Amino acid sequence: MWEEGFFMSSVRVRFAPSPTGYLHVGGARTALFNWLFARHHSGVFVLRIEDTDAARSTEAATQVILDALEYLGLDWDEGPGRGGDYGPYYQSQRLNLYKEYAATLIERGRAYECYCTPEELDQRRQEQMKQGRDTRYDGRCRHLSEEERQALKAQGRVPVIRFASLEEGETLVEDLVRGTVTFDNITQVDDFVIFKSDGMPTYNFAVVVDDALMKITHVIRGEDHLSNTPKQIQIYEALGFEPPKFAHIPMILGPDKSLLSKRHGATSVTQFQDEGYLASAMVNYLSLLGWGYDDSQTIFSISELIEKFSIGRVSKNPAVFDIQKLEWMNGVYIRELSLDELYEAALPYWQKAGFLPEEVSAEVKEYALKILKELQTRLKLVADAVDLAQYFFVDDYPYQEEIVQKILTKPQTEDIMNYVHGVIKDAPKLDEEYLKPQFQVGLEKFGIKMGGLIQPIRVALTGTNVSPGIYDVLELLGKERVLARIERTLVMLREKELI
RNA sequence: GCCCCCAUCGUCUAGUGGCCUAGGACAUCGCCCUCUCACGGCGAAGGCAGGGGUUCAAAUCCCCUUGGGGGUACCA
């Protein structure tokens, strides 16, 4: 019915965030869908900043959003820092345009000044609600005479400008994901405000002027905008613009099915970035929120996403944000990284933790790479590399109390430690090939299984009972540190009178 | 209050009238691998919200109910 192929190469979409200081994952998902749609159709992806709320909008707040988009790899073709033929791309710099089109509307009798105060409006609204009617502006300022206007103005009232909406019929929204949605003009589209008394345009008006002037062909946005769409369509028509195609994508919910918000935990892209989520995983996960390809694939590369994405496959129902699945997916992408890539990702975390210096020598990097090789299958977040690798970098690693109690308090502990200490001391090299047979000799001597020997050693060397394979740990640590750690552990155990 | 949207395993989804005794993924549970934890492999449990129609045949189409979400601003 709606063949996307028809719009090949002429597609223009946009993402229009307001600079709130952070990019919500819902916004990121909207940006992603727009971006994928543009790239799929070899179209143009426009970034427009909706900063009409001067109080909230700062340059820094805008930069955070640009940074988040760059982290995700969602590059824009027109917009801040990139220019384009349809600028400016900041709404705050387009005020004259909005005024111009509002004036046009007034000339055509499709907009008028309204002197009702917010208090009066609110009171009437309450009354309507009480009576079980639709809440809408009653149109009382629509046909004011010049004298009446002057009289109202004389009272000190500052007018807003309202749109003179259609007073009959229906407005149809042809939505690419929902089909035709019908709104009754009389009850659903009232004479809404297009210019506030502070001289700024409202969202519903500015968005139409901008999208029309920027030649946007497809408006892909959250479902929360569906109800406002008939208002916007009426403005398009009153201004003589052809409305774009609309696609309202489902909302993103928290585990309790309410709109995903800060109280559900991390919702800002920057936060996920800081916690060590890979952009590839974020993008892949976000792509699956409200979109699916077939009955089996969940892992998609960026190029596959671009190739396979289509609005027709966007689902209609809201999606719950599942952090566990995101974590799993991040692990998948971490495992796909080359060791060098993983190193680049982990380096800042290790530097911040004080494990590595600003300048890393080739030798130390070699060591770090070996550690990463062992850690790779164990990481969910890159940030996990700090906790999981601590004992590889510091010698005064902490001992986990309960683990020590559980594993190092057996009667043979001291003998086992001494035995291993001896083996290590005499070992020509610390690899499995040499050590395993030596350990096996000990097993017979103590009448235990391999785990009975390895676990105490693991706790002694790492302070925990979780680590990569023991021979890898031994080899990485090297003879000197291994011996010192066994001695250190023995001292600790004696001090605490555990042996 | 009024209007709009939505409804398949706990979660994301495949399914567009017969291919469905409903498929996959995450999570959960069990087994295998094994020196711990991961990774990996195998397997299990788990769903068409309810009720009416239409049809030879419905998860798929229609209606109602229920549930969830959104909108209803001089926010965006």
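Values in this document were obtained by computation on a predicted structure and should not be read as measured data. Every chain is numbered from 1, with letters handed out A, B, ... down the list of sequences.
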Pairs meeting criterion side chain to side chain donor-acceptor pair (under 3.5 Å) with involvement of residues 443-457 of chain A, two or more places apart: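 Listed by first then second residue: A/Q455-A/R458.
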Residue closer to the 5' end of RNA chain B, A/R125 versus A/Q324 (nearest nucleotide):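 Nearer the 5' end of the strand: A/Q324.
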Which is true for [X] with a 4.0 Å heavy-atom rule: it touches a base, it touches only sugar-phosphate, or it touches nothing?
X: A/R335; result: sugar-phosphate
X: A/S296; result: sugar-phosphate
X: A/G290; result: sugar-phosphate
X: A/N228; result: base
X: A/R221; result: nothing
X: A/H225; result: base
X: A/P318; result: sugar-phosphate
X: A/V320; result: sugar-phosphate

Between the base of [N] and the side chain of [X], is there a donor-acceptor distance below 3.5 Å?
X: A/K325; N: B/A27; answer: no
X: A/T298; N: B/G24; answer: no
X: A/S258; N: B/G69; answer: no
X: A/R133; N: B/C2; answer: no
X: A/T377; N: B/C39; answer: no

Determine the interatomic distance between C1' on B/U8 and the same-named atom on B/G47; round to the nearest Å. 6 Å
Considering only heavy atoms, which members of residues 462-478 of chain A lie under 4.0 Å from some atom of RNA chain B?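 Within this stretch, A/N465, A/V466, A/S467, A/P468, A/G469, A/I470, A/Y471 sit under 4.0 Å of the strand.
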Whether A/K257 contacts B/U11 is assessed here as follows: a side-chain N or O lying under 4.0 Å from the phosphate OP1 or OP2. Is that the case? yes
Is there a side-chain contact between A/Q232 and A/I235 (heavy atoms, below 4.5 Å)?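 No, too far: nothing below the 4.5 Å cut-off.
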